[in-house]
Amino acid sequence: MIAVDVRVLLFDLDDTLIEVEMEPFLREYFGMLAARFARVCDPAVFARRLLESTEAMVVSLDGTKTNRDVFVEDFFPKIGANPSDWLSEIDEFYRSDFPKLRKFCTPDPLAPVVVQSAVREGYRTVLATNPVYPRAAVLHRLAWGGLDPGLFELITSYETMHYCKPRPEYYREICSVMSCSPGECLMVGNDVDEDLVAADVGMKTFLVNRKVRNRGSRRYTAHYEGSLEDLLAKIERREL
Ligand SMILES: [Mg+2]
């Protein structure tokens, strides 16, 4: 096989470019959202419904539906609510409640430097965060990390993507949107299950090993493994 140069860098967000205390983050996220829905759904069951509908997005392989379509079709009937009655409420949630979650996020000053230097060195860049969230939620997290959304040619979110991590289809869809081949891509992430799976479609992988997530304690191989400093050095020396 002929080696192809890496031209596209895909970056995971949580615990790759920003550090997030995921457990309290999700608890408060779900709690605040449940409070908004309290008049139609018991907050005690709300979180379970939300998780079920998130899982529905993750398992869906229907390329005709966006992740948001799958979520809306699964979630709202379950809680007996009409989505059109709730859309502005949800927008308001992301405007006024979601920013309160910033306290669970620690920015890494090196992260913007890495992405900026990638752009400067001529790499195309994708924010490949699992598209189970609305774009508004992704943009808030980028801002908390000091990351300019304009640095990314593509930001994956639930409004536009049709698959989720850890599906190989998610990575293939990114290639299709970017009009590139998997062999030209390097996926940078901290998650053995969700990020290293990019290798299954032919991408190279870089495991950021500060806070590795490996649910099944799986044996894994990444093309590269190291810190953001190590990645920065490789970008600057164009060694990828
Ligand atoms: Mg991650």
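Each ligand, and each atom within it, is numbered from 1 in the order the structure gives.
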Less than 3.5 Å apart, which donor and acceptor atoms pair up between the side chains of residues 20-28 and the rest of the protein, not counting sequence neighbours?
unit_1 : atom_1 : unit_2 : atom_2 : d
Glu28  : OE1    : Lys103 : NZ     : 3.4
Glu28  : OE2    : Lys103 : NZ     : 2.8

Strictly under 2.8 Å of the Mg ion (ligand 1): which protein N/O/S atoms qualify?
Asp12 OD2, Asp14 O, Asn190 OD1
Salt bridge present between Asp195 and Lys165 (N-O < 4.0 angstrom):
yes
Partners of Glu229 by salt bridge (charged side-chain N to carboxylate O under 4.0 Å, His left out), sequence neighbours excluded?
none
Starting from the C-alpha separation in whole Å, work towards a yes-or-no answer on side chain to side chain donor-acceptor pair (under 3.5 Å) for Asp62 and Ser60.
CA-CA 6 Å; Asp62 182 345; Ser60 171; 5.6 Å; no
Apart from Leu61 itself, what residues make up its hydrophobic cluster when side-chain heavy atoms of I, L, V, M, F, W and Y under 4.5 Å apart count as a link, directly or indirectly?
Val8, Leu10, Val126, Leu154, Met161, Tyr163, Tyr170, Tyr171, Ile174, Val177, Met178, Met187, Val197, Val201, Met203
Measure from NZ or CZ of Arg36 to the centre of the six-membered ring of Phe46 and say whether it is under 6.0 Å with the direction within 45° of the ring axis.
no
